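Just below is one structure, and these are the notes that go with it.
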Number of protein chains: 2
Amino acid sequence: MNLRDLRYLLAVAEHEHFGRAAEACGVSQPTLSVQLRKLEELLGVTLFERGSKTVAATAACKLLIGHARVAVAEVDAMLAVARSLHDPLAGRFRLGIIPTLAPYLLPLIFAPLREALPALEVEPWEDQTSVLLKRLRAHELDAALLATEVDGPDLASKPLFAEPFLAALPPEHPLAERAVVAEADLAPDILVLAEGHCLRDQALEACGRSGALGSTLRAASLSTLLNMVAAGYGTTLLPGLAAGAAQDAGIVLRPLAAQAGRTVRVAWRVSFPRRAALDAVGEVIAARLRGFAEGAAAGTI
Amino acid sequence: MNLRDLRYLLAVAEHEHFGRAAEACGVSQPTLSVQLRKLEELLGVTLFERGSKTVAATAACKLLIGHARVAVAEVDAMLAVARSLHDPLAGRFRLGIIPTLAPYLLPLIFAPLREALPALEVEPWEDQTSVLLKRLRAHELDAALLATEVDGPDLASKPLFAEPFLAALPPEHPLAERAVVAEADLAPDILVLAEGHCLRDQALEACGRSGALGSTLRAASLSTLLNMVAAGYGTTLLPGLAAGAAQDAGIVLRPLAAQAGRTVRVAWRVSFPRRAALDAVGEVIAARLRGFAEGAAAGTI
DNA sequence: CCAACCTGATAGGTGTCATCTATAATGGCA
DNA sequence: TGCCATTATAGATGACACCTATCAGGTTGG
């Protein structure tokens, strides 16, 4: 059975005339006659009584037509929905973001995203890299903003912008008097985030310390870490976008000698079909952050 | 778009696996792949994300699947209804019956009809011949029991049984003393039904009177007519099946010399598709009335 | 690290079938 | 009785759903 046949059925029932029904369906009258007869044979039911001048739906036909009408209407509704879904730049876009980035990046990009992609409902999801990757692979996210490369043939990524690190120091810290701080000088009393945060590994690597930290304090969030630095517990390496929050906390920021930093990337499943939305979101973010690295590295924040 | 495609869509969404979905649909995997890709092109929407090991429905697909499910379910329901309608001996059967027949025939045939055709809901409709024919042609009746032939190429009929007329006389009427009454003897004081009843014309013809009756009384129903005869207003020609009612009213019945009578026929549209039901109903009625004519004509009622 | 697998995509061939035009059959009507 | 309207039939044709065979990519296990 074919949907077309149901449309023919409804047309003949409505017009009570094969010729006009055929015209309404855009086919020839013989086509309609043949197809309708086939439908009758398939159903095992006489659908229409053909008189010399009249075509009348049988009682059986009237029973069946109700179902046919609903079925055709549903398919039409489906086509309509599909048409409204044509635009890849519309609909929900679930974007994972790592915790050391989300609070500082989101305020910057929300407005540009809404302006550039008004039909796209960007839904942020904050979690650590490994969780984001898991959710991304599970189709629970459409893309993720990370500070690491991704591996595996099912995922791909591209860099959006470079984010320099800054030395974050308590005001009374000896290093605060220097204009530029060498990464290695931070090593002795550096504070880092809890395990799982990519920033933790990157900070340790930048200042040349191994992973074995002993009793070093570990903060659960970048906000907590800043509070600890401000309280004089030690120093840290801060992502450039968090500079504003650090200064508000009374922390002294200094550019780094070797210009350590991280690259924020957008990652996605290679099979993800809405590449247009993906690229558009990436471009909006990259455009918003363009020139950020130079300014931050030069200390002109 | 084809219903088949919707079934494929639902199968893949359910199994999340092209091979197994194809098996469930009874087609090869390439067929399913090709058809689904075509559906995606038709809808302009990517329905599934194909990973190396996974097939996941996109958000758009989930929106569309709801409609597809309803449409397919409706079509299946339609097929189920059609199957249950296969039996032509089932369902409503609207049977027109003329007023001079209905009250006397229906009590005889209801039980046999119910026994022989339990799935057939016979729905009687009582009206005069012309009205019945109009309703029959308008598809408001499936068949009609008449005492006349039908004409026109759109209608057909066949005789079911012969119904002799009887002379109906007041007990004190002179003719009541005869064993057999000649039709012409009833003419002087015959009472007939109102115009439009076929029995009126047949009674008048049988007793040799012209249509011009002058001030002759006319009854609206056979029941009224019997009351009038019983009250001594005159005589009448009575259809055999009404004999019981007449005797209950205290009327004297006599066989007719020329054995005037009428033939009850079933009429239908030649295009009426449920010939099986029609023939079955006719046969039940004919069987029930078989032998009636001889008994009635012989006065052994 | 490579071979065997699993899975979906692609290619070429084939048969079915929806569709067309042309024409017949039927009945109504003047 | 011939003309109009309507549906049914016939034969031809093109589209397309389907198949088998094969490819391509990714995973897995020895």
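When reading the values below, keep in mind they use all heavy atoms of this one structure, side chains included, and skip hydrogens, waters and symmetry mates. Letters go in sequence order (proteins before strands), and every chain restarts at 1. Only a predicted model underlies this, so the values are computations on that prediction, with no experimental measurement involved.
- Sorted by first and then second residue, the salt bridge (charged side-chain N to carboxylate O under 4.0 Å, His left out) pairs with a member in residues 26-41 of chain A read A/E40-A/R50; sequence neighbours excluded.
- For the pair A/L36 CG and D/dT7 P, the interatomic distance rounds to 11 Å; values are reported in whole Å.
- In this entry the distance linking CG of A/L39 with P of D/dA8 reads 14 Å, nearest Å.
- Using a distance-only test at 3.5 Å, with no hydrogens or angles considered, no donor-acceptor pair links the side chain of B/H197 to the main chain of B/L193.
- Of the listed nucleotides (D/dC19, C/dG8, C/dT19), C/dT19 has the atom at the smallest distance from the side chain of A/V34.
- Residues of residues 5-13 of chain B having a heavy atom closer than 4.0 Å to DNA chain D, listed by number: B/Y8.
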Name the pairs: protein N/O against N/O of nucleotides 13-16 of chain C, kept only if under 3.5 Å.
none

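- The side-chain hydrogen bond (donor to acceptor under 3.5 Å, both in side chains) test applied to B/T129 returns no partner, not counting sequence neighbours.
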Side-chain donor-acceptor pairs of residues 56-72 of chain B under 3.5 Å, sequence neighbours excluded:
| from | atom 1 | to | atom 2 | distance (Å) |
| --- | --- | --- | --- | --- |
| B/T58 | OG1 | B/T46 | O | 2.7 |
| B/T58 | OG1 | B/L47 | O | 3.2 |
| B/T58 | OG1 | B/C61 | N | 3.1 |
| B/H67 | ND1 | A/E74 | OE1 | 2.8 |

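- When rounded to the nearest whole Å, the span between NE2 of A/H15 and P of D/dA5 equals 18 Å.
- The two residues B/A194 and B/R200 come nearest to each other via the heavy atoms O-CD, 3.6 Å.
- The interatomic distance linking B/L47 (CG) with C/dG8 (C1') rounds to 16 Å, in whole Å.
- Between C/dG8 and B/H17, a contact under 4.0 Å exists linking OP1 or OP2 to a side-chain N or O.
- Considering only side-chain N and O atoms, A/K38 lies under 4.0 angstrom from the phosphate OP1 or OP2 of C/dA18.
- Take A/D87 and apply the salt bridge (Lys or Arg N to Asp or Glu O under 4.0 Å) test, not counting sequence neighbours, and it matches no residue.
- Regarding A/E41, its CD atom lies at a distance of 12 Å from the P atom of C/dC17, rounded to whole Å.
- Using a 4.5 Å cut-off on side-chain heavy atoms (C-beta onward), A/S157 and A/V150 make contact.
- If you take CZ of A/R37 and P of D/dA10, they are 12 Å apart, rounded to a whole angstrom.
- Contact check, B/R50 against C/dA9: a side-chain N or O comes under 4.0 Å of OP1 or OP2.
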Anything under 3.5 Å between a protein N or O and an N or O of nucleotides 22-28 of chain C, put it in a table, one pair a line.
| from | atom 1 | to | atom 2 | distance (Å) |
| --- | --- | --- | --- | --- |
| C/dG27 | O3' | A/S52 | OG | 3.4 |

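- With sequence neighbours excluded, the residues that form a salt bridge (Lys or Arg N to Asp or Glu O under 4.0 Å) with A/E149 are A/R265.
- Under the salt bridge (Lys or Arg N to Asp or Glu O under 4.0 Å) criterion, A/E283 pairs with A/R290, sequence neighbours left out.
- Within the 4.0 Å cut-off from OP1 or OP2 of D/dC18, not a single side-chain nitrogen or oxygen of B/S28 is found.
- If you measure from atom CD of B/E49 to atom P of C/dA9, you get 13 Å, rounded to the nearest angstrom.
- Residue whose closest nucleotide on DNA chain C sits further toward the 5' end, between B/R20 and A/G26: B/R20.
- Qualifying salt bridge (Lys or Arg N to Asp or Glu O under 4.0 Å) partners for B/R92, counting only residues two or more places apart in sequence or in other chains: B/E123.
- Rounded to whole Å, the distance from CZ on A/F48 to P on D/dT6 is 17 Å.
- The side chain of B/S33 places an N or O atom within less than 4.0 Å of a non-bridging phosphate oxygen (OP1 or OP2) of C/dA9.
- For residues 7-21 of chain A, the pairs satisfying salt bridge (charged side-chain N to carboxylate O under 4.0 Å, His left out) are A/R7-A/D76, with sequence neighbours left out.
- Screening residues 130-146 of chain A for salt bridge (charged side-chain N to carboxylate O under 4.0 Å, His left out), with sequence neighbours left out, gives A/R94-A/D142, A/R135-A/E140, A/R137-A/D154.
- Residue B/R4 places at least one side-chain N or O closer than 4.0 Å to OP1 or OP2 of D/dC18.
- Counting heavy atoms of neighbouring residues, nucleotides and ligands inside a 6.0 Å radius, atom CD of A/Q29 exceeds 12 of them.
- Both A/E16 and A/V270 sit near DNA chain D, but only A/E16 has its closest nucleotide nearer the 5' end.
- Distances were taken from every side-chain heavy atom of A/F18 (C-beta onward) to each of C/dA9, D/dA8, C/dT19; the shortest belongs to D/dA8.
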